[in-house]
Amino acid sequence: MVCLACCKTHVKTGFQIILLTGLLSFLGCKEKTESSIASTTLELDDSTKEKLRNELKRDSNRPFDSEWIRTTNLERTIVDKYGFEGIKLVFEYRNSKNYYDKGSFPSDCPWYSLNSLSIKESIEKNFEPIRAKLPLLINSLKDRCEFIYAEKKNQDWHLHYFLRMKLYNGGNYYRIYTGGPPKNNIKPNSNLQSFQWEIPNDLKEFYSIHDGFGEIYDANFILSSKNIEVMGERMNPIVKKLGVTPEDYSFNDLLEFFPDGIGNTQCFIRSKKDNIKTVDWDHEVWKISNVIGFYDFINERMSEIDEE
């Protein structure tokens, strides 16, 4: 936004911006466009970076809650002011020097073809093969996504979707969904092979879009093909030690693919029927519940961006 009081030479330009803003508002355009976000971001110089780095550090001598609120507010403010460069500053501890904003993806990036597309067009193109199966999730991505950027880490690529969200206290923040590179014709990893498991068709189809997807640094994400695991691997020794066997299932028939971060997980359950469903496994009582299809589960769980 141009400051008319400080930049009198830009009065005409400022007036044009005001007229344009009013027209867009009149037409019902409530969300920021990509071009408007880019035009309002400020330059992030080295001295400002150093100042902000210090401010982002949490003071362990102060109450955790107040420090958490202060730093999360600051993170959101940095992104609002400095755009993609602000994202790189906030995530310096996460390899952000190897982040590429959409429009600047190198030719060896799996999503190079998205460079010329808008954010919404990029989401539509990337998820087109499964669009009808995940309508809520795709609409949420299109509505909330402010930035799409790729990351190269060693030889692997990830695609990050930076999403606008509301915290439980009403504050503005962000949520980041990250997807691995698309993979086709994936074979079961060694764990699945040892328990005579094939990768379920729905999961295999999703891997052709993203091999792993969600908040991969926290919880609530689809495990990648190399990390999915049959629960018998870690639970069978516990069953043997305790002498307690689940009544209505075997751990060899549960394939974990979506952990919640506190011990529970969503699993595919293998049965004699052809169509494999998913169930919620409760780590405290060892019960399974909520039988649901893979896409129905992902569509419901991952389309809710705001905190409850």
Side-chain angles (χ1 to χ4, degrees), residues 127 129-130 132-134 136-137 154-156 158 177-304:
F127 286 91
I130 57 175
K133 299 178 180 180
L134 293 172
L136 295 179
L137 172 60
N154 298 322
Q155 299 304 311
D156 294 329
H158 288 98
Y177 283 170
T178 298
K183 290 187 179 178
N184 295 291
N185 304 316
I186 300 180
K187 303 298 182 183
N189 62 34
S190 59
N191 173 267
L192 271 66
Q193 292 178 34
S194 66
F195 288 94
Q196 293 78 52
W197 264 87
E198 293 292 330
I199 300 176
N201 288 333
D202 285 348
L203 186 57
K204 188 181 295 185
E205 182 181 41
F206 190 92
Y207 285 158
S208 71
I209 308 298
H210 280 303
D211 185 13
F213 181 75
E215 295 180 272
I216 63 173
Y217 298 106
D218 298 301
N220 296 317
F221 62 95
I222 301 170
L223 292 166
S224 68
S225 58
K226 69 179 181 180
N227 290 323
I228 51 175
E229 183 178 273
V230 177
M231 292 195 66
E233 179 75 25
R234 68 175 184 273
M235 293 304 298
N236 286 346
I238 298 175
V239 167
K240 183 177 181 180
K241 181 178 180 179
L242 298 179
V244 178
T245 303
E247 296 179 0
D248 50 354
Y249 67 90
S250 166
F251 282 115
N252 291 353
D253 293 327
L254 293 182
L255 175 61
E256 177 184 19
F257 72 92
F258 196 91
D260 72 352
I262 57 174
N264 308 313
T265 189
Q266 195 77 12
C267 303
F268 282 94
I269 182 166
R270 182 170 58 181
S271 67
K272 295 180 181 179
K273 298 180 180 180
D274 292 334
N275 58 328
I276 298 179
K277 296 291 187 179
T278 79
V279 294
D280 175 73
W281 181 75
D282 188 310
H283 77 287
E284 292 185 346
V285 295
W286 288 17
K287 295 291 184 182
I288 59 174
S289 61
N290 301 327
V291 179
I292 187 172
F294 169 78
Y295 281 113
D296 290 335
F297 170 76
I298 296 302
N299 201 43
E300 292 179 10
R301 176 65 67 89
M302 301 195 74
S303 63
E304 293 297 326

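Along the sequence shown, residues are numbered consecutively beginning with 1. This structure is a prediction, so every number in the text was calculated from the model and none was measured.
The structure places CZ of Phe294 at 9.0 Å from CZ of Phe258, a figure rounded to the nearest 0.5 Å. Between atom CD of residue Gln266 and atom CZ of residue Arg301 there is a gap of 6.5 Å, rounded to the nearest 0.5 Å. Atoms NZ and CG, from Lys204 and Asp211 in turn, are 12.5 Å apart once rounded to the nearest 0.5 Å. With rounding to the nearest 0.5 angstrom, the CG atom of Asn290 is 13.5 Å from the NZ atom of Lys277. Here the OH atom belonging to Tyr177 is positioned 13.0 Å from the CD1 atom belonging to Ile216, to the nearest 0.5 angstrom. The distance from the CG atom of Asp218 to the CG atom of Asp260 is 12.5 Å, given to the nearest 0.5 Å.
Contact record, Ser208 with Pro182: O-CB, 3.1 Å, taken as the closest heavy-atom pair. The heavy-atom pair separating Tyr295 from Lys133 by the smallest distance is CE1-CD, 3.5 Å. Across all their heavy atoms, Gln196 and Arg270 have their closest contact at O-NH1, 2.9 Å. Nearest heavy-atom pair across Pro237 and Gly232 is CD-O, 3.9 Å. Between Pro259 and Phe221 the shortest heavy-atom distance is CD-O, 3.5 Å. Nearest heavy atom pair, residue Gly180 against residue His158, reads CA-CD2, 3.9 Å.
Taking the side chain as every heavy atom from C-beta outward, Val291 and Ile269 never approach each other to under 4.5 Å. Looking at heavy atoms from C-beta onward, Ile292 lies in side-chain contact with Glu300 at the 4.5 angstrom threshold. Between Asp202 and Phe297, every side-chain heavy-atom pair lies at or beyond the 4.5 Å cut-off. Proximity of Ile209 to Pro129: side-chain heavy atoms (C-beta onward) are separated by under 4.5 Å at one or more points. Taking the side chain as every heavy atom from C-beta outward, Trp286 and Pro246 approach each other to under 4.5 Å. No side-chain heavy atom of Phe251 sits under 4.5 Å from any side-chain heavy atom of Phe195. Side-chain contact check for Glu256 versus Arg234: some heavy-atom pair is nearer than 4.5 Å. Residues Trp281 and Met235 form a side-chain contact, since some pair of their non-hydrogen atoms from C-beta on lies under 4.5 Å apart.
In this structure, His210 and Phe213 have parallel ring planes: the angle between them is below the 30° cut-off, well short of the 60° mark. The aromatic rings of Phe257 and Phe268 lie tilted to each other, with the angle between the two planes from 30° to 60°.
Asn299 places a side-chain N or O within 3.5 Å of a backbone atom of Leu136 that can act as its donor or acceptor partner. Using modelled atom types, one side-chain atom of Asn264 and one backbone atom of His283 make a donor-acceptor pair closer than 3.5 Å.
Atom CD of Glu215 has more than 12 heavy atoms from other residues, nucleotides or ligands within 6.0 Å. When the shell of 6.0 Å around CD of Gln193 is examined, it contains more than 12 heavy atoms from other residues, nucleotides or ligands. Residue-environment remark: NZ (Lys183) stays at or below the threshold of 12 foreign heavy atoms within 6.0 Å. Sparse packing is recorded around CG of Asn185, with 12 or fewer heavy atoms of other residues, nucleotides or ligands lying under 6.0 Å away.
No hydrogens or angles considered: a donor-acceptor pair under 3.5 Å links the side chains of Asn236 and Asn252.
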Determine whether Ile276 and Leu255 satisfy the following criterion, side chain to side chain contact (heavy atoms under 4.5 Å, CB included), listing intermediate values before the conclusion. CA-CA 11 Å; Ile276 298 179; Leu255 175 61; over 6 Å; no

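With respect to Ile228, the side-chain contact (heavy atoms from CB on, under 4.5 Å) criterion is satisfied by exactly one of Asn191, Ile222, Leu192: Leu192.
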